[in-house]
Structure formats: C-alpha cells, structure tokens
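First the structure, in the form of structure tokens, and then the observations on it.
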Amino acid sequence: MTDSEKLDLILSEIQGVKSDMQGMKSEIQGIKSEIQDMKKKLDKLSLEELEIRKEIIMINRKISDTYNVALDALGTSVENRTWLEKGAFV
C-alpha cells in the first residue's frame, strides 16, 4: 500500500468519525430538548400539586366547619329537648 493510499484511508476514517460525531451531537441536542421539556412539565406538576394541596386544606376546613355546625345543632336539640321535658312537667 502506498503512502497516498494510506493517507486516503486515514482521511476516509477521519471523515467517518466526523460524521459519527455529528450524529451523536444531533442526538445529544435532542436529548437536551427532551430534558428541558421534562423540566417544564415537572414545574407545571409542582404548581398543580400546590393548587391541589390548597384545595385539600379548604375541603378539610369545610368538613371541620360542617362537623362543628352538626355538633352545635345536636347540642341545641338536646338542650331544647331537656327544656321541653322539664317545662312540660313543671
């Protein structure tokens, strides 16, 4: 093999490596883009989770308020019943 043929072979190999590296660079850019999209989605999910937590707190407050109203109503009805029973017999 002549020196010229050897140089042509080396040049061909270098061009192949260069082409492979460009393909990898393109793939890496695609991966970076996908990672950025995932970060955006995670940020959106975090905001939605915060909103859900706020709604859960509001629901818990409503449940607690409803329970307290029911408890007050029960207490009032017991007081009224006692008053009616004592008032009817006196």
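No experiment lies behind these values; they were computed from the predicted model shown.
Atoms CG and CE, on Asp43 and Met38 in that order, are 13.5 Å from each other to the nearest 0.5 Å. In this structure, Leu47 CG and Ile52 CD1 are separated by 11.5 Å, a value rounded to the nearest 0.5 Å. Atom CG of Leu9 is separated from atom CD1 of Ile14 by 10.0 Å, given to the nearest 0.5 angstrom. From Lys6, atom NZ reaches atom CG of Asp8 across 12.5 Å, with rounding to the nearest 0.5 Å. The distance from atom CG of Leu71 to atom OG1 of Thr76, rounded to the nearest 0.5 Å, is 9.5 Å. Here CD1 of Ile63 is found 10.5 Å from CD1 of Ile56. Values are rounded to the nearest 0.5 Å.
In this structure, Val17 is a member of the same hydrophobic cluster as Met24, with clusters built from ILVMFWY side-chain heavy atoms closer than 4.5 Å.
Each salt bridge (charged side-chain N to carboxylate O under 4.0 Å, His left out) pair with one or both residues in residues 23-40, not counting sequence neighbours, would appear here, but there are none. For residues 57-81, every residue pair satisfying the salt bridge (charged side-chain N to carboxylate O under 4.0 Å, His left out) rule, not counting sequence neighbours, is listed here: Arg81-Glu85.
Among residues two or more places apart in sequence or in another chain, the salt bridge (Lys or Arg N to Asp or Glu O under 4.0 Å) test is passed with Lys54 by Glu51.
Put simply, the side chain of Ser33 never gets that close to the backbone of Gln29: no donor and acceptor are under 3.5 Å apart. Using a distance-only test at 3.5 Å, with no hydrogens or angles considered, a donor-acceptor pair links the side chain of Ser46 to the main chain of Leu42.
Residues Leu45 and Glu48 form a side-chain contact, since some pair of their non-hydrogen atoms from C-beta on lies under 4.5 Å apart.
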